[in-house]
Participant: 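Below you will find the structure I want to go over with you.
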Amino acid sequence: MSENKPTVGVIGGGAWGTALAQMLASDGRDVLLWAFEPAVVKAINTQHSNSAYLSGTTLDPAIRATGDLGALADCALLLVVTPAQHMRRVLKQLPHGTTDLVLCCKGIEEATGDLMVDAARAAAPGRPLAVLSGPTFAHEVAAGQPTAVTLACEDHVQWDRIAPQIARPAFRPYFTTDITGAEIGGAVKNVLAIACGVVEGLGLGQNARAALIARGFAEMTRFGLACGAQAETLSGLSGLGDLVLTCSSVSSRNFSLGKALGEGRKAADVLADRTTVAEGAFTAPVLQRVARTRGVAMPIVDTVCALLAGEVAAAEAVAALLARPLTAE
Ligand SMILES: NC(=O)c1ccc[n+]([C@@H]2O[C@H](COP(=O)([O-])OP(=O)(O)OC[C@H]3O[C@@H](n4cnc5c(N)ncnc54)[C@H](O)[C@@H]3O)[C@@H](O)[C@H]2O)c1
Ligand SMILES: O=P(O)(O)OC[C@H](O)CO
């Protein structure tokens, strides 16, 4: 056990929770990771691996796993890395405490339309909340490759508590107090990445993908501003930065879902074949609902919703987008 550095807890043993644990352990600190599946707990503790969600990485022995959320009670900081739709239920099982929760999941809660921060506030009252989001493929972070993120905090006091525990030579957080903006960027980019994957699956070329990224960013910005986000956050790491990453690579589960749709597969079939999460598939319908309530036009998001629901074929969906009335940029 490390003598000087407090143990950090990670809630969620998927690719991202495991990669964050590996990154956190890289300065010799102990990390306690809660995983949902007993087999993942066992594999981390006995084989120092998580082949179910992050294959090919030998985990630092300073990472221990548990299936008991109560075991995290003494951790100095807790990173929350469950899928968005499971977060509220998991946090309700966490013992009461005043340790900071750093929310690392990207999505909007389907049942309520809540951002993660609102769901977490209700599920774990009394805990200070921060949001970590940005262009972060898990396998690259686990391999120690340079990565920068937005760490949205309530204030400088919270930042001073959390940032030193998270920053590493190759993992660089940037400060903002715009928690809403950091959340919205991460949630909306997943839906837009599905659209970019469709373009790839249909073989429509690089011009079309760049157009979708730019017009998608316009949708993200309209929605974010309507929800009180700051433009600087939306054009930063957690917004535009993550949008560019996720819209450019089949390493993205959202992009690869879209690619499969473009190739003619049904969303339900693609998702049934996976154990990993494509958050955009869950966020898209609730994002559409909230955007309509707020009077925000999001035609690309609408198109993704129609595709996911199987209401339209990919080629028709693209044709309909291109046939919209000409307008100002
Ligand atoms: N993978 C990445 O590169 C990455 C990067 C940044 C953010 N994120 C975000 O992190 C969050 C977690 O994604 P991930 O990639 O680590 O997951 P993953 O796709 O690798 O794994 C799925 C996770 O879901 C969990 N799970 C399944 N059923 C559950 C249940 N009933 N209750 C609680 N947990 C359950 C599994 O234990 C596993 O941890 C998502 O919101 C994702 O958008 C992922
Ligand atoms: O694989 P995706 O599409 O969930 O993207 C992972 C991360 O959010 C990229 O920042």
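Ligands are counted one by one from 1 in listed order, and the atoms in each one are counted from 1 as well.
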Participant: Using heavy atoms and a threshold below 4.0 Å, how should the contact between Thr136 and ligand 2 be classified: side chain, backbone, both, or neither?
Facilitator: both
Participant: Could you check whether any heavy atom of Gly134 sits closer than 4.0 Å to an atom of ligand 2, since that is the contact criterion I want to use?
Facilitator: yes
Participant: Measuring from Leu243:CG to Ser238:OG, what's the distance to the nearest 0.5 Å?
Facilitator: 11.0 Å
Participant: Which atoms of ligand 2 are found less than 4.0 Å from any heavy atom of Pro135?
Facilitator: 10 (O)
Participant: For ligand 2, is there an N or O atom under 3.5 Å from any N or O atom of Phe137?
Facilitator: no
Participant: What are the distances between nitrogen or oxygen atoms of ligand 1 and protein nitrogen or oxygen atoms, counting only those under 3.5 Å?
Facilitator:
from	atom 1	to	atom 2	distance (Å)
ligand 1	1 (N)	Arg253	NH2	3.2
ligand 1	3 (O)	Thr136	O	3.3
ligand 1	3 (O)	Ala138	N	2.9
ligand 1	15 (O)	Arg253	NH1	3.1
ligand 1	15 (O)	Arg253	NH2	2.9
ligand 1	16 (O)	Ala15	N	3.2
ligand 1	16 (O)	Trp16	N	2.8
ligand 1	19 (O)	Arg253	NH1	3.1
ligand 1	19 (O)	Val277	N	2.8
ligand 1	20 (O)	Ala15	N	2.8
ligand 1	31 (N)	Arg89	NH2	3.3
ligand 1	32 (N)	Arg89	NH2	3.3
ligand 1	37 (O)	Glu37	OE1	2.8
ligand 1	37 (O)	Glu37	OE2	3.1
ligand 1	39 (O)	Gly14	N	2.8
ligand 1	41 (O)	Lys106	N	3.0
ligand 1	41 (O)	Glu279	OE2	2.5

Participant: My understanding is that only one of Thr283, Asp242, Thr246 makes a side chain to side chain donor-acceptor pair (under 3.5 Å) with Lys106; could you say which?
Facilitator: Asp242
Participant: Going by an N to O cut-off under 4.0 Å, is there a salt bridge joining Asp114 and Arg121?
Facilitator: no
Participant: What distance separates Arg64 CZ from Leu59 CG, expressed to the nearest 0.5 Å?
Facilitator: 14.0 Å
Participant: Please determine if Thr246 has a nitrogen or oxygen closer than 3.5 Å to a nitrogen or oxygen of ligand 2.
Facilitator: no
Participant: Does Ser252 approach ligand 2 within less than 4.0 angstrom via side chain, backbone, both or neither, non-hydrogen atoms only?
Facilitator: both
Participant: In terms of atom number and element, which parts of ligand 2 are under 4.0 angstrom from non-hydrogen atoms of Lys106?
Facilitator: 7 (C), 8 (O), 9 (C), 10 (O)
Participant: Just verifying a value: how many Å separate Leu237 CG and Arg172 CZ, rounded to the nearest 0.5 Å?
Facilitator: 10.0 Å
Participant: What's the spacing between Ile184 CD1 and Leu225 CG if we round to 0.5 Å?
Facilitator: 9.0 Å
Participant: Taking the inter-plane angle between the rings of Phe36 and His86 on a 0 to 90° scale, is it parallel (under 30°), tilted (30 to 60°) or perpendicular (over 60°)?
Facilitator: parallel
Participant: Check for a donor-acceptor pair, side chain of Gln165 on one end and backbone N or O of Leu77 on the other, with a separation under 3.5 Å.
Facilitator: no
Participant: Specify the protein heavy atom at minimum distance from atom 10 (O) of ligand 2: its residue, its atom name, and the distance to 0.1 Å.
Facilitator: Asp242 OD1, 2.6 Å
Participant: Take atom CG of Asp273 as the centre, draw a 6.0 Å sphere, and report whether it contains more than 12 heavy atoms from other residues, nucleotides or ligands.
Facilitator: yes
Participant: I'd like to check which ligand 2 atoms, numbered from 1 as shown, lie under 4.0 Å from a non-hydrogen atom of Leu245.
Facilitator: 9 (C), 10 (O)
Participant: Looking at atom 1 (O) of ligand 2, what's its closest protein heavy atom, distance included?
Facilitator: Arg253 NE, 2.6 Å
Participant: Hydrophobic cluster mates of Phe282, side-chain heavy atoms under 4.5 angstrom, ILVMFWY only, any path?
Facilitator: Val277
Participant: About how many Å separate CZ of Arg274 and CZ of Arg253, when rounded to the nearest 0.5 Å?
Facilitator: 8.0 Å
Participant: Is it the side chain, the backbone, both or neither of Lys189 that has a heavy atom closer than 4.0 Å to ligand 2?
Facilitator: side chain
